[in-house]
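Below is one structure; the comments refer to it alone.
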Amino acid sequence: MEVIRTVAGLRGRIDALKADGKTIGLVPTMGALHEGHLSLVNRARGENDVVVVSVFVNPTQFNNPDDLRTYPRTEEADCALLEKAGVDFAFIPSVEEVYPEPDTRQFELGPVAEVMEGAMRPGHFNGVAQVVSKLFAMTTPTRAYFGEKDFQQIAVIRKMVDLEGFDLEIVPCPICRADDGLALSSRNVRLTPEQRAEAPRIHRVLAASVDFAKDHTLAETRQWVIDEINKLPFMEVEYYEIADPLTMRPLSSWDEEHEIPAVGCVTVYCGDVRLIDNIKYNR
C-alpha cells in the first residue's frame, strides 16, 4: 500500500491507472477505522481494480469545535488496517492540502439537507458536500462507497453528485454492527464501559419498533421509540424521525410510504457521546 499526502501525487497515480482502463473504488473516511470501514473496503476491493481510501478529518463539517477537537485520530493503526485489507492507496492529506484557500461554496442541497442532522447541525451537510466533492474531483472514482449508518448523508451526497455532474456510482453499504447490535462508529471509543454496555439497547428498541409499528400509527411508533430510549441509563434522544428514504422528508402516516420502506433515523446522546442509528420499516 502506498500512502499519498498530496493531491498532485494522487492525481498522478490515478491518471496513469485510468489510462490503462482500471476502475477506481473510493472509500472516503475520517479515520479511526473499524470493521464497518473495512466492510466498505472489502466491497470496493471486490468491485474495482484499484481501491483508494481517504483518511481526512474534515473541519468544515463540524459545527461544534469540541467535537472536532475530540474526534479520534489514529493514523498509524489506520494504515496497518488498510494495508492488511489490501488497499492500494491511502490518501492522507493535511487540511492545507485539501483547502489551500477557504472553501466558500454554498451547495443548494434543498430539503434533503434541512431536516434531522441538517437541522441539528447547521452547516454540517454543506461541509460534507465541500469535502466529498473535492475528493471526487481529486480521485475521479468509478464508484464511491458509504455506510448506511449515515443514511441521510448518502441522500445528501447523491444530491451533490447531481448538482455537480460527477460521473460515478454511489454505493450504499449495510450498517456494520458489533455482536451486541451497536452500530460501529469511531465515536464508540469515547463511551465509558458502563455506557458501552447500555448503548446496544438503542438498536434493540429500533428493532422492536418494527413489530410495534404493525398495529400502531406512525406517530405512535415514533413516540414509543423516543420514550423507550429515554428510559435507558445515560440516554437522551435528540431526534427520532420516520422519513422517506429518498427525500428524507419526515412522514406523518404509514399511508405515505411508497415502494421503498420508510426509514427511522435516530440520534441519541449517550452521556456526551452522540450516536446515530436507523432502521427500515418493512411493513
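All figures in this text were calculated on a predicted structure; none of them were measured in a lab.
The two residues Met248 and Cys265 come nearest to each other via the heavy atoms CE-SG, 4.0 Å. Across all non-hydrogen atoms, the minimal contact from His124 to Gln61 is ND1-O, 2.8 Å. Closest heavy-atom contact between Leu251 and Asp244: CG-N, 3.8 Å. Residues Tyr240 and Ser209 share a closest heavy-atom pair of OH-OG, 4.4 Å. In terms of heavy-atom proximity, Phe166 sits nearest to Ser133 at CZ-O, 3.5 Å. When all heavy atoms are compared, the tightest approach of Gly36 to Cys176 is CA-CB, 3.5 Å.
Once rounded to the nearest 0.5 Å, the distance linking OG1 of Thr70 with CZ of Arg187 reads 7.5 Å. Atom CD1 of Ile175 and atom CG of Leu184 lie 10.0 Å apart (nearest 0.5 Å). One finds the CG atom of Leu40 at 5.0 Å from the SG atom of Cys173 (value rounded to the nearest 0.5 Å). How far CG of Leu135 is from OG1 of Thr140: 12.0 Å, rounded to the nearest 0.5 Å. In this structure, OG1 in Thr23 is found 12.5 Å from CG in Leu168, a value given to the nearest 0.5 Å. Within the model, atoms CG of Leu182 and CG of Leu275 stand 6.5 Å from one another, a figure rounded to the nearest 0.5 Å.
Remark: Asp150 pairs with no residue by the salt bridge (Lys or Arg N to Asp or Glu O under 4.0 Å) rule, at least two apart or across chains. Checked against side chain to side chain contact (heavy atoms under 4.5 Å, CB included), Cys79 has the following partners two or more places apart in sequence or in another chain: Met1, Val3, Glu75, Ile92.
Both Ile229 and Ile279 belong to a common hydrophobic cluster when Ile, Leu, Val, Met, Phe, Trp and Tyr are linked at side-chain heavy-atom distances under 4.5 angstrom. Both Ile24 and Val161 are part of a single hydrophobic cluster, where members link through side-chain heavy atoms under 4.5 Å apart. Each of Phe91 and Val51 belongs to its own hydrophobic cluster when Ile, Leu, Val, Met, Phe, Trp and Tyr are linked at side-chain heavy-atom distances under 4.5 angstrom. Hydrophobic clustering of Ile, Leu, Val, Met, Phe, Trp and Tyr side chains at less than 4.5 Å, counting indirect connections, unites Leu38 with Val53. One hydrophobic cluster holds both Val237 and Tyr281 under the rule that ILVMFWY side chains link at heavy-atom gaps under 4.5 Å.
A donor-acceptor pair under 3.5 Å links the side-chain atoms of Asn126 to the main chain of Phe107, judged by distance alone. Side chain of His37 to backbone of His34: a donor-acceptor contact under 3.5 angstrom is found. Side-chain atoms of Lys280 do not come within 3.5 Å of backbone N or O of Ile260 as any donor-acceptor pair. Side chain of Asn58 to backbone of Met30: no donor-acceptor contact under 3.5 angstrom is found. Side chain of Arg105 to main chain of Gln130: a donor-acceptor pair is present (N/O by atom type, distance under 3.5 Å, no hydrogens or angles). With hydrogens and angles disregarded, no donor-acceptor distance shorter than 3.5 Å links the side chain of Thr267 to the backbone of Ile276. Formation of a donor-acceptor pair under 3.5 Å by the Lys134 side chain with backbone atoms of Val98 is found in this model. Formation of a donor-acceptor pair under 3.5 Å by the Glu228 side chain with backbone atoms of Val225 is not found in this model. A donor-acceptor contact shorter than 3.5 Å is absent between the side chain of Asn63 and the backbone of Gly123. Listed for the Thr29 side chain is a donor-acceptor partner under 3.5 Å among the backbone atoms of Ser54.
Looking at Phe89 and Leu17, their side chains come closer than 4.5 Å, going by heavy atoms from C-beta outward. In this structure, Cys270 and Leu191 have side chains that are in contact, with non-hydrogen atoms separated by less than 4.5 Å. With a 4.5 Å cut-off on side-chain heavy atoms, Val266 and Ile226 do not count as touching. For the pair Pro59 and Val95, the minimum side-chain heavy-atom distance is below 4.5 Å. Residues Ile242 and Val263 form no side-chain contact, since every pair of their non-hydrogen atoms from C-beta on lies 4.5 Å or further apart. Looking only at side-chain heavy atoms (C-beta outward), Leu26 and Phe136 come within less than 4.5 Å of each other. Considering only heavy atoms from C-beta on, Glu238 stays 4.5 Å or farther from Val268 through its side chain. No side-chain heavy atom of Tyr269 sits less than 4.5 Å from a side-chain heavy atom of Phe234.
Among Arg13, Arg45, Lys22, the single residue meeting the salt bridge (Lys or Arg N to Asp or Glu O under 4.0 Å) criterion with Asp88 is Arg45. Considering Val112, Leu246, Leu163, Ile170 as possible partners of Arg158, the one that fulfils the side chain to side chain contact (heavy atoms under 4.5 Å, CB included) test is Ile170.
Classification of Arg274 and Glu236 as a salt-bridged pair fails, no side-chain N sitting under 4.0 Å from a carboxylate O. Salt bridge status for Asp180 with Arg204: absent, with no side-chain N to carboxylate O gap under 4.0 Å. Here Glu108 does not pair with Lys159 in a salt bridge; the nearest charged N to carboxylate O distance is not below 4.0 Å. The pair Asp277-Arg177 meets the salt-bridge criterion, since a charged nitrogen lies less than 4.0 angstrom from a carboxylate oxygen.
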> Between Asp227 and Arg222, does a salt bridge (charged side-chain N to carboxylate O under 4.0 Å, His left out) hold up when you go through it step by step?
Replying inline: CA-CA 9 Å; Asp227 292 343; Arg222 177 179 176 274; over 6 Å; no
>> Using the rule given for side chain to side chain contact (heavy atoms under 4.5 Å, CB included), can you reason through Glu198 versus Gln195, listing the C-alpha separation, both sets of side-chain angles and the distance that settles it, and then say yes or no?
In response: CA-CA 5 Å; Glu198 294 292 337; Gln195 291 167 346; 5.9 Å; no
> Between Phe146 and Ile157, does a side chain to side chain contact (heavy atoms under 4.5 Å, CB included) hold up when you go through it step by step?
Replying inline: CA-CA 10 Å; Phe146 297 89; Ile157 289 169; 3.4 Å; yes
>> As a quick check of understanding, evaluate side chain to side chain contact (heavy atoms under 4.5 Å, CB included) for Phe151 and Gln153, giving each step before the final call.
In response: CA-CA 5 Å; Phe151 198 93; Gln153 176 177 275; over 6 Å; no
>> Pair Lys84, Leu81 - check side chain to side chain contact (heavy atoms under 4.5 Å, CB included), show working.
In response: CA-CA 5 Å; Lys84 186 176 179 181; Leu81 285 173; 5.7 Å; no
> Is there a side-chain hydrogen bond (donor to acceptor under 3.5 Å, both in side chains) between Ser39 and Glu35 once you walk through the steps?
Replying inline: CA-CA 6 Å; Ser39 72; Glu35 288 298 322; over 6 Å; no
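In this pair, Phe212 and Trp224 present their aromatic rings parallel. The plane angle is below 30°, not in the 30 to 60° band.
A donor and an acceptor atom, one from each side chain of Asn48 and Arg143, are located under 3.5 Å apart. In this model, a donor atom of one side chain and an acceptor atom of the other lie less than 3.5 Å apart for Thr60 and Tyr99.
For CG of Asp167, the number of neighbouring non-hydrogen atoms (other residues, nucleotides, ligands) closer than 6.0 Å is 12 at most.
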